[in-house]
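Naming: A, B, ... by sequence-line order, numbering from 1 per chain.
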2 protein chains.
Amino acid sequence: MRHWDEMQRSINLDASESRAKIQDNVYSGLRESLIEGRYDAGQVLTMAALANVYGTSLMPVREALQRLVAEQALIVLPNGSAVVPHINVERLDDICRARVILERSAVEIASQKVSSDDIHDLENIAAQHREIAGLEGAYAMLSMNRRFHFQLYGYAGSSTLLQLIETLWLSMGPYMRLMSRDIEAQIKGGNPIYAGTHNDIIDALRAHDTLRAGDAITADIRATQALLHTILAKS
Amino acid sequence: MRHWDEMQRSINLDASESRAKIQDNVYSGLRESLIEGRYDAGQVLTMAALANVYGTSLMPVREALQRLVAEQALIVLPNGSAVVPHINVERLDDICRARVILERSAVEIASQKVSSDDIHDLENIAAQHREIAGLEGAYAMLSMNRRFHFQLYGYAGSSTLLQLIETLWLSMGPYMRLMSRDIEAQIKGGNPIYAGTHNDIIDALRAHDTLRAGDAITADIRATQALLHTILAKS
DNA sequence: TTTTGTGGGATTTGATCAAATCCGGCTTGC
DNA sequence: GCAAGCCGGATTTGATCAAATCCCACAAAA
């Protein structure tokens with residue numbers, strides 16, 4: 001218990017935050033889990049349970065939960081408990097529409113700024129993403145996919161845009177869970193995963209072709225949206 | 001104290017929220033003050049002082065503050081205290097760039113959905129905005145301006161977009177304070193305030209002219225951005 | 001059978017207290 | 001004179017406890 005606590009604390013010191021608050025560990029842990037779709041939609045997160053998991057008292061947990069509620073990553077029951085938002089096609093479409101708007105703009109800005117070194121880094125990530133596809137599980141793939149996207153968006157150099165996009169990915173959490181299940185099944189079935197849009201994006205960036213880069217990222221978002229639609233239709 | 005408590009509690013029941021938490025009162029009060037630019041940039045908000053203002057203990061205040069920190073409406077000192085973010089031209093431009101992206105998209109979507117009743121409501125708000133210009137202070141004007149904008153963005157029917165835009169306006173808080181001072185000076189000087197873009201927007205909406213509506217809202221944002229630039233240059 | 005009411009358990013919310021941390025000014029030494 | 005170190009007040013953070021609220025199951029009546 002003590003050992004675990006110190007480990008988590010040290011993780012946060014990497015960010016060289018001013019004061020290491022243990023509520024921050026709970027917060028970032030939960031946030032990461034949510035964004036990666038490790039929780040089922042509708043799952044109720046009680047403070048006592050989380051306090052047990054993170055080995056702390058209720059106080060840091062309740063404040064971490066409230067922060068996530070403020071970001072709409074969780075919603076509160078009339079009871080006051082926090083719950084992972086339910087799946088909903090309209091909401092999915094709404095989020096994806098906002099994603100297209102923001103991420104397309106970010107990529108367009110980035111396309112006019114990227115250096116060849118940047119593109120090189122991006123290619124590395126894309127390569128790792130392809131490699132992982134066969135070996136590891138769905139979580140690893142989604143995680144690497146996320147790294148690709150945010151590395152890319154970072155080149156736009158807008159912290160405001162970046163933060164807005166992150167909240168959208170956070171809202172996608174419950175849907176990502178569905179995707180990870182589906183990807184897992186595809187991997188088991190020996191079906192290679194499609195990630196061709198990443199190459200399209202890189203090509204467009206290399207040519208500083210703003211329009212094509214924007215179209216490529218839009219296609220990427222629309223593809224996952226479409227996949228989620230079929231998954232939702234099946235269930 | 002008891003009387004005050006019950007009054008605040010009843011306010012929150014208007015929103016028919018499930019459980020009336022007094023921390024929500026502190027939160028929305030602070031948020032409103034910030035968005036309207038009632039606090040100076042760099043001002044330190046200590047929990048004890050706010051607890052005194054809102055007539056409660058420290059607990060609700062600290063959780064309200066943390067929620068606002070999560071929305072980047074406040075930032076934490078190494079000490080842990082909350083402080084209103086400092087003014088910064090680069091950040092202003094970054095926020096405004098994001099505002100153009102999001103608010104332009106919202107208006108474009110809205111332009112294809114508005115009914116004539118909607119436009120009528122919008123005209124009423126614009127009229128009130130003009131009326132107020134001479135009579136009341138800057139806060140009233142900015143408040144009415146905000147109502148106009150969000151009424152408009154609401155017509156897009158996207159809760160996701162709406163929420164993102166709100167966080168941007170929240171980030172504009174410290175800059176709005178500068179504007180309110182300037183507006184106040186203009187009012188005292190007998191100089192009528194310019195709000196012509198509102199009419200342009202309404203005209204474009206009436207014609208369901210998506211492009212023109214988007215250009216009009218962009219012009220509106222750029223205008224306040226330019227005004228803030230001159231204010232910042234002066235000081 | 002369906003609805004209404006009630007009671008107990010579970011859960012959050014707010015208050016108070018102890019501990020950790022930080023900031024300011026002061027002293028001390030060079 | 002000036003910089004480094006240190007102490008005390010101020011402030012937040014975490015823990016624990018009491019109170020308010022809600023949910024759920026069971027029972028009783030129409």
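- Going from atom CG of N25(B) over to atom C1' of dG14(C) covers 13 Å, rounded to whole Å.
- Atom pair L58(B):CG and dC17(C):P shows a separation of 12 Å (rounding to whole Å applied).
- You won't find any donor-acceptor pair under 3.5 Å spanning the side chain of R62(B) and the base of dG14(C), going by distance alone.
- Remark: P of dG14(C) and CD1 of I22(B) are 5 Å apart, rounded to the nearest angstrom.
- Side-chain contact between R97(A) and I109(B) is present, with heavy atoms from C-beta onward closer than 4.5 Å.
- Rounded to an integer number of Å, the gap from CG of L77(B) to P of dA10(D) is 18 Å.
- Every residue two or more places apart in sequence or in another chain that forms a salt bridge (Lys or Arg N to Asp or Glu O under 4.0 Å) with R62(A) is listed here: E63(B).
- Side chain to side chain, S180(B) and R38(B) fail the donor-acceptor criterion of an N or O pair below 3.5 Å.
- Comparing M59(B) and L45(B) along DNA chain D, the residue whose closest nucleotide (by nearest heavy atom) sits nearer the 5' end is L45(B).
- Look at CD on E63(A): it is 15 Å from P on dT16(D), rounded to the nearest Å.
- D220(A) places no side-chain N or O within 3.5 Å of a backbone atom of I217(A) that could act as its donor or acceptor partner.
- H149(A) and H198(A) have perpendicular rings, their planes meeting at more than 60° on a 0 to 90° scale where under 30° would count as parallel.
- In this structure, OH of Y27(B) is placed 15 Å from P of dT13(C), rounded to the nearest angstrom.
- Rounded to a whole Å, the CD atom of Q66(A) is 10 Å from the C1' atom of dT12(C).
- Under the rule for a salt bridge (Lys or Arg N to Asp or Glu O under 4.0 Å), the partners of R181(B) that lie at least two apart in sequence or sit in another chain are D40(B).
- Annotation: side chain of N145(A) is not in contact with side chain of M179(A) (no heavy-atom distance under 4.5 Å).
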Name the pairs: protein N/O against N/O of nucleotides 6-11 of chain C, kept only if under 3.5 Å.
unit_1, atom_1, unit_2, atom_2, d
dT11(C), O3', S81(A), OG, 3.4

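- When distances are taken from the side chain of Q23(B) to each of dA15(D), dT13(D), dG14(C), the shortest belongs to dG14(C).
- The interatomic distance linking K21(A) (NZ) with dT13(D) (P) rounds to 4 Å, in whole Å.
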